[in-house]
Amino acid sequence: MHIVLLKFGPNRSQASQWMAGHKEWIEKGINDGVFLLAGSLENAQGGALLAVKLSKAEVTARVEEDPFVTHQVVEPEIISIAPSRMTGEFASLLA
């Protein structure tokens, strides 16, 4: 499981130019079952995703396909987590 932080980068002002492609990229990840959630970070710092079912290298490759990343609207950080305890409801999402 991976938390993907997409914090605004040097080309933040270009976000509207790449927004449609960014939203399509998120939707593809959700439809593929790779992204369990996507949302905004507080204080308009960027966004975050929860990614599952892929290795860190695979998540990194997928993140590099995001138009926001390729055009430096955001700078990604991927944090991997090895869950050891969780609620049953959450475990069912990972099955």
Side-chain angles (χ1 to χ4, degrees):
M1 168 181 312
H2 313 278
I3 296 172
V4 180
L5 299 175
L6 301 171
K7 294 190 177 177
F8 283 118
N11 295 332
R12 177 182 184 166
S13 64
Q14 297 178 11
S16 62
Q17 182 178 353
W18 307 109
M19 183 62 76
H22 174 67
K23 286 182 176 182
E24 289 173 13
W25 174 80
I26 290 171
E27 197 62 33
K28 181 178 182 335
I30 289 172
N31 291 338
D32 291 347
V34 172
F35 299 155
L36 294 184
L37 63 84
S40 297
L41 296 174
E42 65 183 352
N43 299 321
Q45 296 179 62
L49 306 160
L50 181 59
V52 295
K53 300 182 183 178
L54 299 179
S55 68
K56 186 170 187 174
E58 292 168 321
V59 170
T60 299
R62 186 174 281 248
V63 167
E64 290 173 357
E65 295 173 354
D66 178 4
F68 270 18
V69 173
T70 59
H71 296 283
Q72 298 181 323
V73 173
V74 297
E75 296 178 342
E77 178 183 0
I78 300 170
I79 303 165
S80 298
I81 302 171
S84 58
R85 298 183 65 180
M86 67 188 83
T87 66
E89 294 87 356
F90 195 77
S92 68
L93 291 173
L94 300 178

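Residues take their numbers from the sequence shown, with the count starting at 1. Side chains are part of it too, since the values below use all heavy atoms of this structure and drop only hydrogens, waters and symmetry mates.
- Minimum interatomic distance between P67 and G21 (heavy atoms only, all atoms of both residues): CG-C, 3.6 Å.
- Every residue two or more places apart in sequence or in another chain was checked for a side chain to side chain contact (heavy atoms under 4.5 Å, CB included) with E24, and none qualifies.
- When all heavy atoms of A51 and V59 are compared, the closest pair comes out as CB-CG2, 4.1 Å.
- Residues L36 and V4 do not share a hydrophobic cluster, clusters being chains of Ile/Leu/Val/Met/Phe/Trp/Tyr side chains in contact below 4.5 Å.
- Contacts classified as side-chain hydrogen bond (donor to acceptor under 3.5 Å, both in side chains) and involving residues 65-75 (residues at least two apart or in different chains) are given here: H22-D66.
- Take S84 and apply the side chain to side chain donor-acceptor pair (under 3.5 Å) test, not counting sequence neighbours, and it matches no residue.
- Grouping the Ile, Leu, Val, Met, Phe, Trp and Tyr side chains by contacts below 4.5 angstrom, directly or via other members, places I26 apart from V52.
- Closest of all the heavy-atom pairs between L49 and A38 is CD2-CB, 3.3 Å.
- Listed by chain and number, the residues in a side chain to side chain contact (heavy atoms under 4.5 Å, CB included) with L5 are I3, K7, L41, A48, E77, I79 (sequence neighbours excluded).
- For the salt bridge (charged side-chain N to carboxylate O under 4.0 Å, His left out) condition, the pairs that include at least one residue of residues 30-51, sequence neighbours left out, are K28-D32, D32-R62.
- In terms of hydrophobic clustering, with Ile, Leu, Val, Met, Phe, Trp and Tyr side chains grouped at heavy-atom distances under 4.5 Å, V69 and L54 are assigned to a common cluster.
- Between L6 atom CG and I78 atom CD1 the span is 8.5 Å, to the nearest 0.5 Å.
- In terms of modelled atom types and a separation under 3.5 Å, the side chain of Q17 and the main chain of Q14 share no donor-acceptor contact.
- Note: the hydrophobic cluster containing L37 also contains M1 (ILVMFWY, side chain heavy atoms under 4.5 Å, direct or indirect links).
- The salt bridge (charged side-chain N to carboxylate O under 4.0 Å, His left out) analysis of residues 11-23, with sequence neighbours excluded, yields no pairs.
- Judged as a side chain to side chain contact (heavy atoms under 4.5 Å, CB included), and not counting sequence neighbours, the contacts of T87 are E89, F90.
- The two residues K56 and S80 make their nearest non-hydrogen contact at CD-OG, 3.4 Å.
- When the side chain to side chain contact (heavy atoms under 4.5 Å, CB included) test is applied to A15, the partners found at least two apart in sequence or on another chain are F68, V73.
- Residue pairs meeting the ring-ring contact (aromatic ring centres under 6.0 Å, His included) criterion with at least one member in residues 29-66, sequence neighbours excluded: W25-F35.
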